[in-house]
2 protein chains.
Amino acid sequence: MNINKQCIIRLSRYRNALNRFRSLGFVKVFSDNLGDAVGVTPAQVRKDFSLFGISGNKKGGYQIDQLLEKLNSILGKDEVHKVVIVGCGHIASALLRYKGFEKEGIRIAAGFDIDPAKVNRAAAPPVLPLEELKEYVKANGIKTGIIAVPDIAAQQVHDMMLSAGIKGVLNFAPIRLKGAEDCIINNINVEYELENVIYYVNAMQKTGRKP
Amino acid sequence: MNINKQCIIRLSRYRNALNRFRSLGFVKVFSDNLGDAVGVTPAQVRKDFSLFGISGNKKGGYQIDQLLEKLNSILGKDEVHKVVIVGCGHIASALLRYKGFEKEGIRIAAGFDIDPAKVNRAAAPPVLPLEELKEYVKANGIKTGIIAVPDIAAQQVHDMMLSAGIKGVLNFAPIRLKGAEDCIINNINVEYELENVIYYVNAMQKTGRKP
DNA sequence: TAGATTGTTAATCGATTAACAATC
DNA sequence: TAGATTGTTAATCGATTAACAATC
């Protein structure tokens, strides 16, 4: 009923599918097509849209261009969002170097690391000493941070982010961050997801059937 | 009621928290402690355990060692699981080089790429040409694969994995993979998660309150 | 014993889906 | 028009939580 996280994630999925439809030359879609592309029921598609006041044509489906415009606006794609990353291990480096965010309106402004050897002010994006995090975040009005440090350091980094005014965090560390009421936290854990896949593969082999 | 994906992910979280408790010298935990560490209610912890026939002591909580043994067994930690990765972009490279999987019983056996320039048979793990995927997977009895290629190539890679006998896939590409009934697919999408954080940060700023 | 914690049932909560009137 | 699709309500489904008897 309410707008929840899964619902917003679906908007991202719709958006992605619509971009692909458009690049294939399509001009309109039906809830049926979109649901199929994204893996949800047509009813879910229409429900999601109605929650955001997006409406189509009773018979003609939805105009892709109009729909994308609405979704872009909802997802804040009409401006560039700057993000910082703390931790410069393998995952952090991968995200720092990833070029795909830029065309989605997400700019990794800088990386931060506690290890002076990792600091590189000339890089693009630059890698700065962790001590400068707060100052940098405040100076640049950054509201979103990515935590990609070992579990032992994650809470400390989170506290620093909060005190710097960060309001949203994407956390790759395998711990529950405790913190402010007014900061949203999303967690990604590759190991857990992989463990999960492995569990079901094992379970299927034992029981002989899909879960 | 039933055992679902979220439930299994929680088992991974409990396991992680328990390892930390143990390394701090604790011997037993209560559902209260565990729930707090992981961010769920004590009732949820007990419910999860009872689904897997794990029981504690009516007054004494749970013995950490025994509990870990049970969770390890459920999650298949008593053997090493070999995994292949296809795609050698930034994320794939990060996972290939990540040392943390090994101590959790997950071994990245090899990477595969379509680009001959990326091939490196001497590396550990080796990076092999994509054509060799099927042969390698069959020869090594591998059941789990990670897809970290661009969206345009993902379905094709998935098809190859299926024909090679892979039964579980962790997919980083932003599309819905269509495939076999007897293959489990988990999706990770960093961009969607980040977009989601950004959405809520914006929403909070506009409405002034947490979602 | 009294107090505390488990294990489980029943109640609640929330999200998804089915169904259908409206309508193009 | 007849057929198809939307938008929305009501029903269903499933997961979480509250509550409490059992018991250590």
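Residue numbering restarts at 1 for every chain, and letters A, B, ... go by the order of the sequence lines.
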Subject >> Minimal non-hydrogen separation, A/Arg20 against B/Asp151, with atom names >> reply: CD-OD2, 4.2 Å

**OP:** Let me know the distance between CD of B/Gln44 and P of C/dT6, rounded to the nearest Å.
**Re:** 15 Å

**OP:** Flag the pair B/Asp159 / B/Gln155 as yes when at least one side-chain heavy-atom distance between them is below 4.5 Å, and no otherwise.
**Re:** yes

Subject >> Stepwise side-chain contact (heavy atoms from CB on, under 4.5 Å) check, B/Val169 with B/Ile146 >> reply: CA-CA 6 Å; B/Val169 167; B/Ile146 301 177; over 6 Å; no

Original post:
Are a donor atom and an acceptor atom from the side chains of A/Tyr200 and B/Asn186 found within less than 3.5 Å of each other?
Top reply: no

**OP:** Round to a whole Å and report the spacing from NZ of A/Lys28 to C1' of C/dC24.
**Re:** 11 Å

Original post:
When the distance from NZ of A/Lys47 to P of C/dA15 is rounded to whole Å, what number comes out?
Top reply: 10 Å

**OP:** Compare all side-chain heavy atoms of B/Phe26 with those of B/Ile64 and state whether any distance is below 4.5 angstrom.
**Re:** yes

Original post:
Rounding to a whole Å, what distance do you find between A/Lys58:NZ and D/dA4:C1'?
Top reply: 12 Å

Original post:
Without hydrogens or angle criteria, can the side chains of A/Asn187 and A/Tyr192 be said to hold a donor-acceptor pair below 3.5 Å?
Top reply: no

**OP:** Test A/Tyr62 against every option in A/Phe21, A/Phe30, A/Phe49 by the ring-ring contact (aromatic ring centres under 6.0 Å, His included) rule and name the one that passes.
**Re:** A/Phe49

**OP:** Specify the separation, in whole Å, of atom CG of A/Asp48 and atom P of D/dT6.
**Re:** 14 Å

Original post:
Is any side-chain nitrogen or oxygen of A/Thr41 closer than 4.0 Å to OP1 or OP2 of C/dT17?
Top reply: yes

**OP:** Find the distance B/Arg46:CZ to D/dA21:P and express it as a whole number of Å.
**Re:** 15 Å

Original post:
Would you say C/dG7 has OP1 or OP2 under 4.0 Å from some side-chain N or O of B/Ser50?
Top reply: no

Subject >> Ionic contact status for B/Lys5 with A/Glu193, cut-off 4.0 Å >> reply: yes

Subject >> Within residues 68-76 of chain A: residues closer than 4.0 Å to DNA chain D (heavy atoms) >> reply: none

Subject >> Whole-Å distance separating the CZ atom of A/Phe30 from the P atom of D/dG7 >> reply: 12 Å

Subject >> Contiguous Watson-Crick or G-U pair runs (3 or more, under 3.5 Å) in DNA chain C >> reply: C:3-24 with D:3-24

Original post:
Do the side chains of B/Lys143 and B/Val84 get nearer than 4.5 Å, heavy atoms only?
Top reply: no

Original post:
Between B/Asn57 and C/dT5, is there a side-chain N or O to OP1/OP2 distance below 4.0 Å?
Top reply: no

**OP:** Looking at every strand, decide which applies to A/Tyr62 at a 4.0 Å heavy-atom threshold: base, sugar-phosphate, or nothing.
**Re:** sugar-phosphate

**OP:** Examine the base of C/dT5 for any acceptor or donor lying under 3.5 Å from a partner atom in the side chain of B/Lys59, and report the outcome as yes or no.
**Re:** no

Original post:
Looking at B/Asp36 and A/Lys178, does any basic side-chain N land under 4.0 Å from a carboxylate oxygen?
Top reply: yes

Original post:
Of B/Val29 and A/Ala43, whose nearest nucleotide on DNA chain C comes first from the 5' end?
Top reply: B/Val29

Subject >> Short side-chain N/O contact to D/dA15 OP1/OP2 from B/Asn2, under 4.0 Å >> reply: no

Subject >> d(CG, A/Leu51; P, C/dG14) in whole Å >> reply: 15 Å

